Structures are given as structure tokens and as C-alpha cells.
Amino acid sequence: MLVKESKQLTRDVFALTLEGQFDYDKVTAGRFVHVLIEDGKAHPLRRPISIASCDSHAKTLTLVYRVVGDGTLWLSKRIRGDTVSLLGPLGKGFVAPHKPGKVLIVGGGVGVPPLFQLAKELVQENFELDIVLGFRSQGDVFWTEEFAQFGRVTVCTEDGSLGEKGFVTAVIDVTNDWTTLYSCGPKAMLKALRNHFAGSTIQGYVSLEERMACGVGACWGCTCLDPSGSLAKRICKEGPVFSWEEVSL
Amino acid sequence: MTVDLTVDLGGLKLRNPVMPASGCFGFGREYSEYYSLDTLGAVVVKATTLKPRLGNPTPRVTEVTGGMLNAIGLANPGLSKVLTEELPWLERQNVPIFVNVAGDTVEDYCSVVDEVCRSGLAQAIELNVSCPNVELGGLAFGVNSSVLRGLVEEVRKVCTLPLYVKLSPNVTRIQDLAVAAASGGADGLSLINTLVGMQIDLATRKPALANKTGGLSGPAIKPVAVRMVYEVAREVNLPIVGMGGICSGRDVAEFIMAGAWAVEVGTANFTDPYACPRIVAELKSFMEAEGIKNLEEIRGCAL
Ligand SMILES: Cc1cc2nc3c(=O)[nH]c(=O)nc-3n(C[C@H](O)[C@H](O)[C@H](O)COP(=O)(O)OP(=O)(O)OC[C@H]3O[C@@H](n4cnc5c(N)ncnc54)[C@H](O)[C@@H]3O)c2cc1C
Ligand SMILES: Cc1cc2nc3c(=O)[nH]c(=O)nc-3n(C[C@H](O)[C@H](O)[C@H](O)COP(=O)(O)O)c2cc1C
Ligand code: FES
């Protein structure tokens, strides 16, 4: 695809908007693309990045990612008109709530991006959203205004430099009547959330990360285990989104 | 000019010399969504063991310059599911099947090979004696000539299909192991499996893989693989399936010139899901451009 725009959102987070031929019809929130780095010669493995936003009419796709190594650094240097090769959309995305009612969305750091496309899709289906976004510090915060069009947004930072101080669980009242919770972020956050809601009837979904090679289910590199520890699931194929009782966190 | 890409592996006829490598292609289902598998010479399936295996803890893949390390640890659904759920589907794709077999004991290897042969669902066996990841999971067999010969002799007794022994590169003289496999009764040899490697994560200051070591594959290992195919081809008169870092039709030609009859493509599938059919097309163009009518014309020409 062709780079339409690359925008720096924080000191290390970038939004890349691509345009052109893509299987837009198969995009659902939570699915990801596997990004080729340069021509793949030095970097034989593609990089998995969630679809943060997709506009099938304008034929654009937006990825939001943090620069953490060679691959994402290369990506951050792409300019308008450059070509980036994507494979996808891959994996299984978020499942719509089983019943009407209020929905809670919780994102942490670069787990926030796929929840944007999710919020967009849920609002189109008339769900009422509460959105909690956690970041390390004020300088790491992005897209909170963009999320505000979809629901009530609460921002927290670990150091309290913006919004509420502390982890996301500190601002989430478990007695609220949400039917469904969708979450993406560090594993510690997902685990803390599940514990936070222990005993509640809320239906929880989490999006998981693992190092990937093929991205399509062929190499068994990216597995996680079910709670009994006896069944492996491929995060790239059966996931990355799982209902939180299906996986051990 | 019309070029002939077919290969005759001691009676087993392949439409072309390119097959996806074991462990890099599952049992074929995933990549069949990208192209029709009957464009391939054969499919080599994931290592199959007697019992299902979950493999090693994650992270179990990581990238290094020009390659990757894996410590999957022979994760597979086990013989019974492979025979009932995977091979019957793959058989319908109209492509020869090589079943890669691994085990902890000689008995394990023999039981799996016996049942795969009896099922009638495979065209060849590839004996994985070189997986460096699981304790006793093959390494002990693949690095010692007399142990390897003993294993191949036992497997030979139950194996009614062409028997390929897949050699480990983690040895001092690979041709000695090739000779041992040949004298044990192998019909062919495939090489190379991955080289043992390690990467340290600078952030955690610990090995990047949970298993600590992993098998190195990809373009980085190609010169080692070409050298080993060459060395084995000079000493053993059996069909050789060469592999290690193949990414293009020209890479295939290099392996054939070094003495390979056919090749496997592993890591390149991850970079490009269409790698195998693209490589077949590139090989054809290369042969046309060079005026090479068939693969025999260049096989082992570098020796
Ligand atoms: C399904 C999925 C969706 C993701 N979505 C996003 C997203 O929307 N935004 C974002 O910023 N990040 C996302 N990630 C993480 C992202 O894949 C890594 O940050 C990225 O691969 C790092 O590549 P690099 O070359 O810059 O880093 P390096 O550390 O140089 O990468 C080396 C190798 O490790 C792998 N790797 C490193 N970190 C991770 C990680 N956290 N998860 C998986 N593989 C990793 C790389 O893919 C590469 O193979 C996602 C991961 C997964 C599995
Ligand atoms: C993820 C992965 C899994 C593998 N699993 C197996 C396996 O199950 N059995 C086997 O014999 N070789 C296995 N291999 C080794 C490959 O079949 C091949 O020998 C090796 O990767 C070199 O080829 P390449 O450089 O083209 O990848 C695996 C390799 C990779 C990268
Ligand atoms: S990355 Fe290969 S199976 Fe998931």
C-alpha cells in the first residue's frame, strides 16, 4: 500500500495512514496486519500491528505504533508516496456484545489503537461506551480527544501527570452495570482487570501479544495456553482476541 | 524453449523441485488460502510425534539479522490427529506428502513411521533426527554416527515408503553422518536442519528465547547449507533434498549445482506467503535464460 500520511503522536508513537488496494471488507476491530520491513532481506520476519482505524470508502488504513526497535524505526521513516507491504487482515477480532447495554473499553499504552476501530464499530451499533485509557506519563498520551466522540473517556497516568493517578483498575468501579469489557494492553494490566472483576457477570475480552513468525497459523510460534495449561491456541489465528476465560494470562 | 522442472526421486516423481520445509508450513491448510498446493513439488509437514506436544514456553521465535531463531519444541497434535484430521485433507490437495517424524526413543520413531506407512496417506518419510530443541528430542540420534545408523536400521524395518533422513548441521563432519544414514538404509538425505544459536535481549539482559537457545534458519545459513550439501554429495550417492535460507529461484539453482535433487523452503514462507510458487516461477525463468533444459543438466555440476 502507499503511505498517505505519517504523523508523530508522542515522542515515540506514530500514526501511519496507508491507502490503496486492501481487503477492507474483511477488516473488523482487533484484527491485525503483518508488515514487511524494507524488502525482508535483513528482516525476514514481518511485524504484527493492529488495525487502529479503517475507512473502506476512502480506502485508507491507519496503524498506530510505538518505535521499539529496527522494524518500527524503519516504519517511522516512511513518507508520503512510499510503499509498505502488508499481509492481512489476519487473526480473529473482537466479538460484538451478546446483549444490549453499556460497554467498558480499557486500553493501556500501545494497546489503545485497536480499541479505536472497536469504539467506532460499537457506536455505529448504538452501544453506550465508557472508555478508560492508561498511559505511563503525560508525554505518552495520544488520541484521547479522538476517543471522546465515542463515549465518556477517563485518562489515567501512572505518575499522575495527566488525568487520574495510577493504574486503570483504580478508576474502574466493578459495581457498574457494564455487560461487556474489551481490553488491550500489557499482560499485567489484562490480568489485573480480570482479577478486578472476579465474581462479576461481565463478559471480558482481551487482545494478546506474542512474538510471531508466519502470522497465519502455520509455524506454531505464537501460542498461548488455555487455563488448564493443556491446550495451545495460536494467537495469530485463534486470537489475538480471546474471551478472558479461554486463556491463561 | 520449454524447460522440464520435474524431479524423479528414486521413483517418486515431483512436478518441480520446490517443497515447503517441515515446521514452516503446518499441514498445509493455512497457505492453501494463498495458493493452490498442487503448484508445489511436495509438502513436508510439521514434525509428527506419537503423542501430542505443546512445545516449549514462549517466546519461542525471534529475529536475527538475515534470519530467525526458533525453539518451537516439536509442538504438534500427535500421530492420531495427524492421521485422522490433517493428512486426509492434505491428500485431497493433489500434492505428494512427506511426513516429518520425530521421537524420543527408537520405539517412538518406529511406531509413528509404521502407522504413517500403513495409513497410505503419505508418499515419503522424513526422519527428523536433528531438532535441537527438546531434550532427547532427536539431537542424541543425529550427532553420533553409530546411534544414527542404529535408528535408521530399525526404522527401515517398518518403513515401506521412501525414507529420507534429515541431517543436523551441528556436527563436526556432516558427511560421516550421511554415510551412517546411508548404510542404515536411507533412500535419501535432506539437509540442513537449523544451527543452534542464541540471542541476548539487551533490555532484560537474558536470552531472548524462553528456551535460551534456538535453531537458526533463513538467508544467514545459506552458505553453510550449500557447503554441507556439496560435502555430502561428494561422498554419498543418494538423492539429496537441500535447504537452508532459500529465498529465490537462483538460490535453488545454487543448491542443485552443489548436488541437491530437490529443495525445501522454510523461513522464506514467513517473509512472503507466496514464496514457494514464486520460487518455482523464478527457477523456470532462470533455466530459460540460461538455456538449461532440465535439472539433471546442472545437478552437481559444481562438484
Ligand atoms: C497481534 C499484535 C498486534 C500488535 N499491535 C501493535 C500496535 O497496534 N501498535 C504497536 O505499537 N505495537 C503492536 N504490537 C507490537 C509490535 O508487533 C512490536 O512492537 C513490533 O513487532 C516491534 O518490532 P521492532 O522491529 O521495532 O522491534 P524489535 O524488538 O527489533 O523486533 C524484533 C522481533 O521481535 C518482535 N517483537 C518485538 N516486540 C514485540 C511485541 N511486543 N509483540 C510481538 N512481537 C514483538 C518483532 O516482531 C521482531 O520479530 C502488536 C503485536 C501483536 C502480536
Ligand atoms: C519455525 C520453524 C519450525 C521448524 N520445525 C521443524 C520440524 O518440525 N521438523 C524439522 O525437521 N525441521 C523443522 N524446522 C527446520 C526447517 O525445516 C529447515 O530445515 C530450516 O529452517 C532451514 O531452512 P530455511 O532456512 O529455509 O528455513 C523448523 C524451522 C522453523 C523456522
Ligand atoms: S505466528 Fe506462526 S502460528 Fe502464529
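Below, read A as the first sequence line, B as the second, and so on, with proteins coming before strands; counting in each chain starts at 1. Just so it is clear, the model here is predicted, and its values are computed rather than measured.
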Interface residue of largest heavy-atom contact number with chain A, from A75(B), G218(B), G67(B), C247(B), under 4.5 Å: G67(B)
Got a second to check how far [X]'s [atom1] is from [Y]'s [atom2], nearest 0.5 Å?
X       : Y       : atom1 : atom2 : answer
C219(A) : N70(B)  : SG    : CG    : 8.0 Å
R46(A)  : D272(B) : CZ    : CG    : 6.5 Å
M212(A) : F270(B) : CE    : CZ    : 13.0 Å

Short N-O contact, K237(A) and E33(B), less than 4.0 angstrom: yes
side-chain contact (heavy atoms from CB on, under 4.5 Å) between Y31(B) and C214(A), intermediate numbers included: CA-CA 10 Å; Y31(B) 287 103; C214(A) 70; 3.5 Å; yes
The single option from T223(A), L225(A), L231(A) passing side chain to side chain contact (heavy atoms under 4.5 Å, CB included) against L54(B): L225(A)
Among C222(A), A213(A), A232(A), residue most engaged with chain B (heavy-atom pairs, under 4.5 Å): A213(A)
Do you know which two heavy atoms are closest between [X] and [Y], and how far apart they sit?
X       : Y       : answer
L45(A)  : M68(B)  : CD2-SD, 3.8 Å
G40(A)  : T271(B) : CA-CG2, 3.9 Å
E63(B)  : P44(A)  : OE2-N, 3.4 Å
L90(A)  : Y34(B)  : CD2-OH, 3.7 Å
V216(A) : E30(B)  : O-CG, 3.0 Å

E210(A) and P59(B), any side-chain heavy atoms less than 4.5 Å apart: yes
Chain B contact via S85(A) - side chain, backbone, both or neither, heavy atoms under 4.5 Å: neither
Should we count [atom1] of [X] as having more than 12 external heavy atoms under 6.0 Å?
X       : atom1 : result
K92(A)  : NZ    : yes
E245(A) : CD    : yes
Y24(A)  : OH    : yes

Structural part of P52(B) lying under 4.5 Å from a heavy atom of chain A: neither
